[in-house]
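I have placed the structure first, in the form of structure tokens, so that the comments after it can refer back to it.
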Amino acid sequence: MAELYVKPGNKERGWNDPPQFSYGLQIQAGGPKRTPLTKRVAAPQDGSPRVPTSETSPGAPPMGPPPPSNKASRPPLVGSSPPSSTQPTNFPVVESETLPEDVLTPLEQALEDCRGHTKKQVCDDISRRLALLQEHWAGGKLSMPVKKRMALLVQELSSHQWDAADDIHRSLMVDHVTEVSQWMVGVKRLIAEKRILSSEEEANEEKSTATAEQNQTVPGIQQAP
């Protein structure tokens, strides 16, 4: 095939001159074809722009829509239920009803303790206020917060926590004055009288203890006659 690309020798040239190649024979023989640079590339059918291969860099990511994810949603299997998040169930909290005896009985007992140490007029006024408290309680005129706070007040009074009981009394007078104004004065006075009585009893106990210690005889050293 090499002789087809070489023209016949020229008699006027020397024997050592290089042969002359024929361009026309190379075209007819079908040399390597190249894509003409002026030829336009057809647009893709999907509408996305196509970048020529020569203009894309080796490290650049491919253009176009992202490939479909392998983690496609699959329908749940038959007989299987989707996992549900476990949430705590809110059950209704049942509050115990405060009975009137739980409040009135300790107050009446505290009043009986004060009798004989407090003036009769003061004790009678407290008793009348406690009767109003019982009447309002039985008549349904007291709300649940008032009943709850009165139960706490009685607990503090029985535990000799005078300041805490007085604080509850003040909170009731501020928050529920229309419900407690007629009988709370007697409860306040009962707290004060019970506090005074408790202080007197403690003082008497300390005094009696000190007297008993003084009356104890200390054994001395007996001297021989």
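Values below: all heavy atoms of this structure, side chains included; hydrogens, waters and symmetry mates excluded. Just so it is clear, the model here is predicted, and its values are computed rather than measured.
In this structure, the side chains of H136 and Q182 come closer than 4.5 Å at one or more pairs of heavy atoms. For the pair R115 and L111, the minimum side-chain heavy-atom distance is below 4.5 Å. The shortest side-chain heavy-atom distance between L157 and L107 falls under the 4.5 Å cut-off. Residues M150 and L133 form a side-chain contact, since some pair of their non-hydrogen atoms from C-beta on lies under 4.5 Å apart. Proximity of K194 to D113: side-chain heavy atoms (C-beta onward) are separated by under 4.5 Å at one or more points. Between L142 and H176 the shortest side-chain heavy-atom distance does not fall below 4.5 Å. The closest side-chain heavy-atom distance from W137 to L104 is not below 4.5 Å. Inter-residue side-chain proximity for L197 and T118 is flagged as unmet; no heavy-atom pair is nearer than 4.5 Å.
Remark: D125 engages R128, R129 in a side-chain contact (heavy atoms from CB on, under 4.5 Å) (not counting sequence neighbours). Under the side-chain contact (heavy atoms from CB on, under 4.5 Å) criterion, R189 pairs with V122, I126, E193, sequence neighbours left out. Listed by chain and residue number, H160, W162, E202 satisfy the side-chain contact (heavy atoms from CB on, under 4.5 Å) test with S198 (two or more places apart in sequence, or in another chain).
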Practice task
Let me see the working for V154 and T105 under side-chain contact (heavy atoms from CB on, under 4.5 Å), right down to the final yes or no.
Solution key: CA-CA 9 Å; V154 169; T105 300; over 6 Å; no
Problem - Derivation of the side-chain contact (heavy atoms from CB on, under 4.5 Å) call for K119 and D124 - result: CA-CA 9 Å; K119 294 181 179 180; D124 292 343; over 6 Å; no
Problem - V187 and M184: CA distance, side-chain angles, deciding distance, side-chain contact (heavy atoms from CB on, under 4.5 Å) verdict - result: CA-CA 5 Å; V187 176; M184 184 56 73; 3.8 Å; yes
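In summary, K141 and E135 do not engage in a salt bridge, as defined by a charged side-chain N under 4.0 Å from a carboxylate O. One finds a salt bridge joining D163 and R195 here, because a Lys/Arg side-chain nitrogen approaches an Asp/Glu carboxylate oxygen to under 4.0 Å.
The nearest pair of heavy atoms linking L153 to A165 is CD1-O, 3.6 Å.
Summarising the geometry, atom CG belonging to D167 is positioned 11.5 Å from atom CZ belonging to R149; distances are rounded to the nearest 0.5 Å. In this structure, L172 CG and S181 OG are separated by 11.5 Å, a value rounded to the nearest 0.5 Å.
Within 6.0 Å of atom NZ in K147, more than 12 heavy atoms from other residues, nucleotides or ligands are found, so the atom counts as buried in its surroundings.
A chain of hydrophobic side-chain contacts below 4.5 Å, direct or via other Ile, Leu, Val, Met, Phe, Trp or Tyr residues, connects V180 to L132. When the side chains of ILVMFWY residues are joined at heavy-atom separations under 4.5 Å, either directly or via intervening members, V185 and V103 end up in two distinct hydrophobic clusters.
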